[in-house]
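Notes follow the structure.
These values consider heavy atoms only, across backbone and side chains, with no hydrogens, waters or symmetry-generated copies. Residue numbers start at 1 and run along the sequence shown. Both counts, for ligands and for their atoms, begin at 1 and track the order of listing.
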Amino acid sequence: MSKVLLISTGGTITMVRDKVSGALVPADMETFKAFMPELFEGSIHVDIQAFSPLLDSSDVNPDCWVRMAKMVYDHYDEYDGFVILHGTDTMSYSASALSFMLENLSKPVVFTGSQLPVGVLRSDAKENLLTAIEIAAAQDEEGNAIVPEVTIYFEDRLFRANRTTKRNAEHFSAFNSYNYPALAKAGVHITYQPHLVHYSDPNAPLRLHTSFDCNVAVLKLFPGIQQPVVRALLRTRGLKGVVLETFGAGNAPTDKWLYRELKSAVDKGIVIVNKTQCNTGSVEMGLYAVSLNLMKAGVLSGHDITTEALLTKMMLLFGENPEDTAKVRELLGKDLCGELTID
Ligand code: ASP
C-alpha cells in the first residue's frame, strides 16, 4: 500500500465561519477530518501532521517554510509522497521556496487547498485533496515517482510550483503557470506529461536548505515614478537584493537619475534582477534601447521567472551564501530546478 504524509498548514480548505465576526477562520484538524472520511477509505494510506494553530496563508513566513520542509525531510524515507494543505493566497511563495529548499528531491511534494471551505456544499476541497493524494502516490512500473517535484495541484491541473502565480480570487482555477505547461491534467484519468518533468540525479541524496535572508524588496516601475521613492528603497539599510519589475521585455525609463540610483546600488553590492511585469514571456535586455541602461548598471536578467520564485530564490541564496555576492549573482542566472528558461 502506498503511503502519503498529509501536512496541513491551514488555508480556506480547513476554515469555518466565525460566529461573532462572520469571517472565515482556520478550524482544527479534527473538524476537517470529520468532513473528509474518504481520506481513510481509499487504497492509499494517509497520515496527517498539522500546524497548531492552523494558519491563514497571509501569516505564513519563512519560518513556516522551514517547518514544512523539515516535516518532509524528517519523514522522507517513510512515505512515497507528500501533500501540503495551504491557503491559496501565498501558496505560490511557499511552494516556490520549498522547491529550492529540497535539493535533489526524488519524491512528489504536492501543494493544494481550495477556494471554498471543506464543509461547504459546492466546495472544491475534496476533489483537489483526493487528486493531490493520488498524484503524490503515483509511481511508474519500476516504482519511481511519476512527478518527483514540488508542485501545485488545483482544479484540474498540476503545475511546477516555482512556475505558478495565484491568478484568481473568485474562480476555482486559482493558479496558472504562464511560462511552463501543466505537468498533468486531471479528468476521468490523470494524464501526466513526463517529458515536462524535472528529474533530479537519482543517486544524489536529498539536501535541506533552511537559511533565509529577508533583506530583499520588490520595486515595481510605473510611468511617472519619482526619484525619492526609488532612492528610499534602494538605500534601505541592510538591503541585499531587489526584484525590479519592469515593462514588457525588461524595459525601464531612460531618466539619468534612475540609471545613477541603480548603478550606485549595484556598486554597493546590492543584487538587482530584472523581472518583467508581464505574466507571459521573458526579459530580453538589449532588445530595446530602453533596457541598455539597466545592463550598463549591472542589473541581471530574470529571464521568464515569476516574482514569487525570484524572491524566494534570492532569500535562500542570500541566506545560504551570506558573504558571497558573486555566488548569489551566478546562481540567480542559473536554472536550479526548472524555475526559469535560458534561451
Ligand atoms: N485567505 C486564505 C488563505 O490564503 C485564502 C485561501 O486559502 O484560498 O489562507
* For residues 230-250, which residue pairs qualify under side-chain hydrogen bond (donor to acceptor under 3.5 Å, both in side chains), counting only residues two or more places apart or in two chains? -> D213-K240, R231-E261, E245-T307, T246-N274

Could you go through ligand 1 and note, for every N or O atom, any protein N or O atom closer than 3.5 angstrom, writing the atom names and distance to 0.1 Å, or 'none'?
unit_1: ligand 1; atom_1: 1 (N); unit_2: D56; atom_2: OD1; d: 3.2
unit_1: ligand 1; atom_1: 1 (N); unit_2: D56; atom_2: OD2; d: 2.9
unit_1: ligand 1; atom_1: 1 (N); unit_2: D89; atom_2: OD2; d: 2.9
unit_1: ligand 1; atom_1: 4 (O); unit_2: S57; atom_2: OG; d: 2.5
unit_1: ligand 1; atom_1: 4 (O); unit_2: T88; atom_2: N; d: 3.4
unit_1: ligand 1; atom_1: 4 (O); unit_2: D89; atom_2: N; d: 3.1
unit_1: ligand 1; atom_1: 4 (O); unit_2: D89; atom_2: OD2; d: 3.4
unit_1: ligand 1; atom_1: 7 (O); unit_2: T12; atom_2: N; d: 2.9
unit_1: ligand 1; atom_1: 7 (O); unit_2: T12; atom_2: OG1; d: 2.9
unit_1: ligand 1; atom_1: 7 (O); unit_2: T88; atom_2: N; d: 3.0
unit_1: ligand 1; atom_1: 8 (O); unit_2: T12; atom_2: OG1; d: 3.1
unit_1: ligand 1; atom_1: 8 (O); unit_2: T88; atom_2: OG1; d: 2.5
unit_1: ligand 1; atom_1: 8 (O); unit_2: S114; atom_2: O; d: 3.4
unit_1: ligand 1; atom_1: 9 (O); unit_2: D56; atom_2: OD1; d: 3.2
unit_1: ligand 1; atom_1: 9 (O); unit_2: S57; atom_2: N; d: 2.8

* Asked: Residues in salt bridge (charged side-chain N to carboxylate O under 4.0 Å, His left out) with K334, at least two apart?
  -> E330

* Asked: Do the side chain of E149 and the main chain of H198 share a donor and acceptor less than 3.5 angstrom apart?
  -> yes

* Asked: Is a donor on one side and an acceptor on the other found under 3.5 Å between the side chain of S177 and the backbone of A182?
  -> no

* Structure fact -> Partner of R163 under side chain to side chain donor-acceptor pair (under 3.5 Å), picked from T341, N176, T151, N179, is T341

Can you give me every donor-acceptor pair (side chain of residues 152-159, partner residue at least two apart or in another chain, under 3.5 Å) with its distance?
unit_1: Y153; atom_1: OH; unit_2: E127; atom_2: OE1; d: 3.4
unit_1: Y153; atom_1: OH; unit_2: E127; atom_2: OE2; d: 3.1
unit_1: Y153; atom_1: OH; unit_2: E155; atom_2: O; d: 3.1

